[in-house]
A.B. asks: 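Here it is, the structure in full.
Just so we're on the same page: letters track the sequence lines, and every chain starts at 1.
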Protein chains: 2
Amino acid sequence: MVRARPEAGRDVSVVRMEDVAKLAGVSMKSVSNVIHNYAHVSVGMRTRVQQAIDELGYRPNVLGRRLVTGRTGMLTLAFSDVSLPYFSELARVVSSEAGRRGYRLLLEQTDGTLEGERAVVSSSESGLVDGVIFQPSIMSTIEIAQHRQDDPLVLLGEGAAPLSVDHVMIDNTGAAEDATSHLISSGRRRIGFVGQEDIKQSATSSQRLIGYQQALERAGIRVDSSLLMASHAISSQDAAVAVSRALDRGVKFDGLVCRDDLAAIGALRALQERGLSVPGDVAVIGWDNIAMAACTYPSLSTVAPDTKQLAVVALDMLEERIAGYAGLGRHRLVDYALVLRESAP
Amino acid sequence: MVRARPEAGRDVSVVRMEDVAKLAGVSMKSVSNVIHNYAHVSVGMRTRVQQAIDELGYRPNVLGRRLVTGRTGMLTLAFSDVSLPYFSELARVVSSEAGRRGYRLLLEQTDGTLEGERAVVSSSESGLVDGVIFQPSIMSTIEIAQHRQDDPLVLLGEGAAPLSVDHVMIDNTGAAEDATSHLISSGRRRIGFVGQEDIKQSATSSQRLIGYQQALERAGIRVDSSLLMASHAISSQDAAVAVSRALDRGVKFDGLVCRDDLAAIGALRALQERGLSVPGDVAVIGWDNIAMAACTYPSLSTVAPDTKQLAVVALDMLEERIAGYAGLGRHRLVDYALVLRESAP
DNA sequence: GTGAAAGCGCTAACAA
DNA sequence: TTGTTAGCGCTTTCAC
């Protein structure tokens, strides 16, 4: 009744649907009906089958089901690095929301490498997942459009986004302008920008820098490139180094717009090491509203993207693609808020 | 040649191995041989097949392959919440190490609920993943042992661990003793403990508290329960509240051992709000060595588990189970180090 | 070295 | 309401 499956060295007895059917003295169809709670099943059948299932400890093998339905119930979530707080918090939200819709999440890290990003966009296998949510770091629009398979795909973030592909982000330029304007309206006049990449600037940093510049210009403040404190990598340490160096060079500023909360935390540290007070001497504003932003001392004012909405919109679009929608790429903005805490009240 | 597959509303043409075989004028076996780089394939065959693959843009469907091999190449990594820094950093390490071994990682969050943890241990479906790595938060040893399916399973962390199941952790009691002893040897005498759960204490907190107590007793210091600052949840905010309350009550201390780095960061904030200096007035030591621990001001001394080793050992054991090993549970300790930074030099 | 064919475990169209 | 059966796309003996 129960077959031994000699598989990769294991020799595990596996109960199959047929075994259940035999034990219950019914057909596989009836077992399937019971498992899927098909409406038109007699009570006697249902109990008899359930009994056999329980007795054998039968668990349906998803692979068989998937092969025939063609659906896997899995989604890939891909970005550079889960250990970055913004991504881990995003993963939590997307995973929860995907779970509510009956999907499980496959995590894929690209390490921000071109190779890793290419692997996400053009997998050499098919059928693994029903769709992909991907926040590219360095891949170009053209490359994404070229390498793309026909697997349903939704892009996140400020990076490349071909017209043909769905895309969700917040208005980065606008938000950066808001953040900078907030500092200006609280009386700051020498406002620096911290944490953009020093070598090859990401689209994220570019857009935020543009908003920063626009706010300054609108307020009639001259943009001073000595106030741009580039960082070697996206990390608090590197941002701290950048701010320290600026201080060493004698650069004066009374406000800092940071590319993200990690950079802001690095800036906080660099300022405090010099005995500068935040926000007394320098107001600091971050980006992402990671959990830690509320717990630093002083706590961080920050741009808070609505990640819940981001996840919902992205999953909505992905599900439409999975269901067969084949129109042009939709490009949607989701909300953000300026969360004001101690570092820039 | 290429079939249209009417699937869930989609109508996507899918290239199958048979299509490639037909176009190349060979059998499916030959196509399969080429795909798997089977050694004994003539050059002519190889190029002819490869040409057909390229021409059709054929990508093998993993579901078909998996159904016959019985292996999915996927592992589940399960714990309460990816957005907690320790878990997200662990996920990064495990994901990388799993990737090196040819596995992809399915992320499962339990939210620390019994329901979520039960779902991990006793899935109603089989065949989804080849194995499970799971860090339980609240499930009891007995329940894990009972609910366990025969899917390969490795447990992480200080929680429940039945004898029958593989398990990896660091020596929590020892590490807590080391951390506490470090504070004692730097002259601290009134040392508090911060961040254990206030309602139902986790195994993690218990073990760390035991080590803390042992170190004090060994040094001939009386354990003072007013120095135990329980926290409502595992978060910086709650730890900050706990420390603030203790300060309000007039509790005096010159050192704090924290359940984890989040608690330590909360403690830092609570102390700084009162104008207390760290480590001048109070030395603080955390646990986990999350990335942020190096960037706080002052930076955090902390217990650093060797998560790389943890991942390697866990995956080694899991792969042995997957390969068929069916012996008793192995319980292994991995290394940790005391990383000394500014908060407790 | 290559081809033919029998499944892997399940679903669903069609019959009864 | 339940049973029969033909695949889903691939791997893998076993012949040739």
A.B. asks: Of all the choices, C:dC8, C:dC10, D:dT4, which nucleotide is nearest to the side chain of A:Tyr58 once you look at every atom?
C.D. replies: C:dC10
A.B. asks: When the distance from CG of A:Asn61 to P of D:dG9 is rounded to whole Å, what number comes out?
C.D. replies: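 That distance rounds to 17 Å.
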A.B. asks: Quick one: is D:dT11 close enough that its OP1 or OP2 comes under 4.0 Å of any side-chain N or O from B:Ser32?
C.D. replies: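 Yes, B:Ser32 has a side-chain N/O under 4.0 Å of OP1/OP2 on D:dT11.
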A.B. asks: Nearest whole Å is fine: how far is D:dC8 C1' from B:Glu18 CD?
C.D. replies: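 Rounded to the whole Å, the gap is 12 Å.
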A.B. asks: To the nearest angstrom, how far is A:Leu67 atom CG from D:dA6 atom C1'?
C.D. replies: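 Result: 13 Å.
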A.B. asks: Could you tell me how the ring of B:Phe87 sits relative to the ring of B:Phe79: parallel (under 30°), tilted (30 to 60°) or perpendicular (over 60°)?
C.D. replies: parallel
A.B. asks: Could you check whether any side-chain heavy atom of B:Asp130 comes within less than 4.5 Å of a side-chain heavy atom of B:Tyr103, counting everything from C-beta outward?
C.D. replies: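 With C-beta onward as the side chain, the pair touches.
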A.B. asks: Quickly work out the B:Arg66 CZ to D:dT12 P distance and round it to whole Å.
C.D. replies: 15 Å
A.B. asks: Using side-chain heavy atoms (C-beta onward) and a distance below 4.5 Å, is A:Arg321 in contact with A:Asp166?
C.D. replies: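 Side chain of A:Arg321 against side chain of A:Asp166, heavy atoms only: contact under 4.5 Å found.
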A.B. asks: Provide, to the nearest angstrom, the distance between the CD1 atom belonging to A:Ile35 and the P atom belonging to C:dT11.
C.D. replies: 7 Å
A.B. asks: Which sits closer to the 5' end of DNA chain D, B:Gly64 or B:Asn33, going by the nucleotide each is nearest to?
C.D. replies: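 Counting from the 5' end, the first nearest nucleotide belongs to B:Gly64.
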A.B. asks: Nearest of D:dG3, C:dT2, D:dT11 to any side-chain atom of B:Met17?
C.D. replies: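 Nearest listed nucleotide: D:dT11.
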A.B. asks: Taking only N and O in the side chain of B:Ser42, is any of them less than 4.0 Å away from OP1 or OP2 of C:dT2?
C.D. replies: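 For B:Ser42, the contact criterion (side-chain N or O under 4.0 Å from OP1 or OP2 of C:dT2) is met.
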A.B. asks: Indicate whether OP1 or OP2 belonging to D:dG9 is found under 4.0 Å from a side-chain N or O atom of B:Arg65.
C.D. replies: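 No, B:Arg65 has no side-chain N/O under 4.0 Å of OP1/OP2 on D:dG9.
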A.B. asks: Taking the side chain of A:Ser27 as heavy atoms from C-beta outward, which of D:dG7, D:dG3, D:dC10 is closest to it?
C.D. replies: D:dG3
A.B. asks: Would you please confirm or rule out a distance under 4.0 Å between OP1 or OP2 of D:dG3 and any side-chain N or O of A:Ser30?
C.D. replies: yes
A.B. asks: Can you tell me the distance, in whole Å, between the CG atom of B:Leu63 and the C1' atom of C:dC8?
C.D. replies: 12 Å
A.B. asks: Could you state the atom-to-atom distance from NZ of B:Lys29 to C1' of C:dA5 in whole Å?
C.D. replies: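 Rounded to the whole Å, the gap is 13 Å.
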A.B. asks: Measure the distance from CG on A:Leu128 to P on D:dC10 and round it to the nearest whole Å.
C.D. replies: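 Distance, rounded to whole Å: 13 Å.
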A.B. asks: Given D:dT2, is OP1 or OP2 found less than 4.0 Å from the side-chain N or O atoms of A:His40?
C.D. replies: no
A.B. asks: Salt bridge check: are B:Arg332 and B:Asp316 linked by an N-O gap of less than 4.0 Å?
C.D. replies: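 Salt bridge: no.
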A.B. asks: As a test of reading the structure: which of C:dA12, D:dT11, D:dT2 is closest to the side chain of A:Thr69, going by heavy atoms?
C.D. replies: C:dA12
A.B. asks: Between A:Glu115 and A:Arg118 (salt bridge meaning N to carboxylate O under 4.0 Å), is one present in this structure?
C.D. replies: no
A.B. asks: Could you please name the option among C:dC10, D:dG9, D:dT11 that lies closest to any side-chain atom of B:Met28?
C.D. replies: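 Given the options C:dC10, D:dG9, D:dT11, the side chain of B:Met28 is closest to D:dT11.
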A.B. asks: Consider the side chain of A:Val41, meaning its heavy atoms from C-beta on, and name the nucleotide among C:dT11, D:dT2, D:dT11 that approaches it most closely.
C.D. replies: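 Looking only at side-chain atoms, A:Val41 lies closest to D:dT2.
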